[in-house]
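Just so it is clear: chains get the letters A, B, ... in the order the sequence lines come, proteins before strands, and each one is counted from 1.
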Amino acid sequence: MRVWLRRSRAARWRWPGPDSIDGGVLLDSKSLRADPQAVAANLARRGFKLDVESFRSFEERRKAVQVEADRLRAERNANAKAVGMAKGRGEDASTALARADELTRELASADAALVAVQAETESWQLGLPNTLHDSVPPGRDESDNVEVRRHGEPRKLDFTPLDHVALGEQLGGLDFDAAARISGARFVIVRGALARLHRALAQFMLDVHTSEHGYTELYVPYLVSAAALQGTGQLPKFAADLFKVESEQGFYLIPTAEVPVTNLVREQILEAAVLPLQFVAHTPSFRSEAGSHGKDTRGMIRQHQFDKVELVQIVKPADSYAALERLTTHAEAILRKLELPYRVMALCGGDVGFASAKTYDLEVWLPSQQKYREISSCSNCEAFQARRMQARWRNPETGKPEPVHTLNGSGVAVGRALVAVLENYQNADGSITIPAALRS
RNA sequence: GGAGAGAUGGCCGAGUGGUCGAAGGCGCGCCCCUGCUAAGGGCGUAAGGGCCAAAAGCCCUUCGAGGGUUCGAAUCCCUCUCUCUCCGCCA
């Protein structure tokens, strides 16, 4: 239906192949080789320690092994060709045939060594996070994030606000106990008017992004392959955060629509004219929340399953930072229209996610906590995911395929938006006023 | 679930053991001719990786994936994946 959906045989991702040492994996291997110290200095801003020495050592080994294997292969090819030509002329080929035997043996052992060193390099590289953009503020954790702007004033209430759990139970719309009996902790059943509000929020977001921000709506798989997850950076490092489905195919439940949506362009070479691509999808997200025991155990803030409207952009590298600003305002537009007070935070080096080069979080005001809480996260992954996915565009200036830049952002988390609406729109009698933007 | 067919470059499509990374066509790019909403001619046009400071150059890999046979595989054998058609089933 569209140019970018064409199947590209050329671009079919072959990997890990015997000679694809770079393989488009992770950080740009060339800059890593050229200046490992600079990469190490950059990654140190995240608190990630890059072992330059061990990189150098297996890089040296890799080079030696690869050169030797290539040399042997070249000789074997030439030798085989000589055999063919001799036989064609009806000449004796026994000398070349004897050499061929030796070459076969030598090549087998050289290849084995090459495969081994490449596997080692690859798994090491897959564990390296993205480099950070220069503008990312320094810092170790959440507390060092920098507020960029703030919008809206928290309502002055002349009563003590309830949290969404109390409000939801009063209204008979949120049932955590029933969900616990059915599935366990960190699930919820939403009922009646609140279920409808939840649905309205999701549809509202989709409508705004498609009709006002130029996104194309997608319906996507909720079960994805390990390869797709590796493409966007969840695997191999963060398997513990995912739900793996017991099945022959080895499916995982998506932790975010970012995975299927961004992978839409994997193994593609896109024509410059189709960029930028802007997609929006409403999906559930499944997260094991391993390692968050005791955090936000009450309520809907942190669940194993939640709905999210996700924005994804595929852009030319030169445009990606402008796109990040725009994408962030697209997510903000939802909160503005819902008249929810929020602030925009630039995440510090220590808080930026694995695949991202720069991230803005949107935090919405929650009266019950008297705090701003994350409701969206907007990231520019630059070429990081594109390299892992082999997602490229043809740069007219060079005529060559180059990695695209990918961005994603929640626009916004539906479950948390429901929480925010309940809490910010509550009345003294425990009723909820429906935001004007949702009335029709 | 059962039966069959297929997978080659941006696209279509040849190619059953040896100068095949791959004929031919289309598309695209540059140039020439021509000069008006036409046509003709020439050349060029895959991706990934390595060596090199770099360019040039050289080399390796890739004809769905993996393995095997062979001195040598797009071509022969095995396994898998995906696509299409028919039957069954299902929303």
- Which one, A47(B), C51(B), C71(B), comes nearest to the side chain of K63(A)? C51(B)
- Query: Could you state the CD-P distance from E106(A) to C71(B), rounded to the nearest angstrom?
  - Reply: 16 Å
- Query: In whole angstrom, what separates N79(A)'s CG from U70(B)'s P?
  - Reply: 16 Å
- Quickly work out the R73(A) CZ to C71(B) C1' distance and round it to whole Å. 16 Å
- For Q66(A) and C51(B), what is the distance between atoms CD and P respectively, to the nearest whole Å? 7 Å
- Item | Nearest-Å distance for atom pair CD/P, residues E75(A) and G72(B) | 14 Å
- Closest nucleotide among U61(B), C60(B), C52(B) to the A74(A) side chain: C60(B)
- Please name all residues satisfying side-chain contact (heavy atoms from CB on, under 4.5 Å) with A178(A), sequence neighbours left out, ordered by chain then number. D175(A), R181(A), I189(A)
- Task: Tell me which of A80(A) and K400(A) sits closer to the 5' end of RNA chain B, going by the nucleotide each one is nearest to.
- Result: A80(A)
- Query: How many Å lie between CD on E267(A) and P on G64(B), as a whole number?
  - Reply: 15 Å
- Using Watson-Crick or G-U wobble geometry with both distances below 3.5 Å, tell me the partner of G27(B), or none. U45(B)
- Task: Describe the nucleic acid contact of R99(A) in one word from base, sugar-phosphate, nothing, applying a heavy-atom distance below 4.0 Å.
- Result: nothing
- Sequence neighbours excluded - ring-ring contact (aromatic ring centres under 6.0 Å, His included) pairs with any residue from residues 164-190 of chain A: F187(A)-H304(A)
- Message: Expressed as a whole number of angstroms, how long is the span from N77(A):CG to U19(B):P?
- Response: 11 Å
- Using both distances under 3.5 Å as the test, list the Watson-Crick or G-U wobble partner of G21(B), or none. none
- Task: Please check if the distance between the ring centroids of F384(A) and F354(A) is under 6.0 Å.
- Result: yes
- Select from G84(A) and A96(A) the residue whose nearest nucleotide in RNA chain B is closer to the 5' end of that strand. G84(A)
- Task: Look at all strands and tell whether R394(A) reaches a base, only sugar-phosphate, or nothing, counting heavy atoms closer than 4.0 Å.
- Result: sugar-phosphate
- Flag for D361(A)-S377(A): side-chain donor and acceptor within less than 3.5 Å: yes
- Message: Measure CG/L103(A) against P/U70(B) and give the value in whole Å, please.
- Response: 16 Å
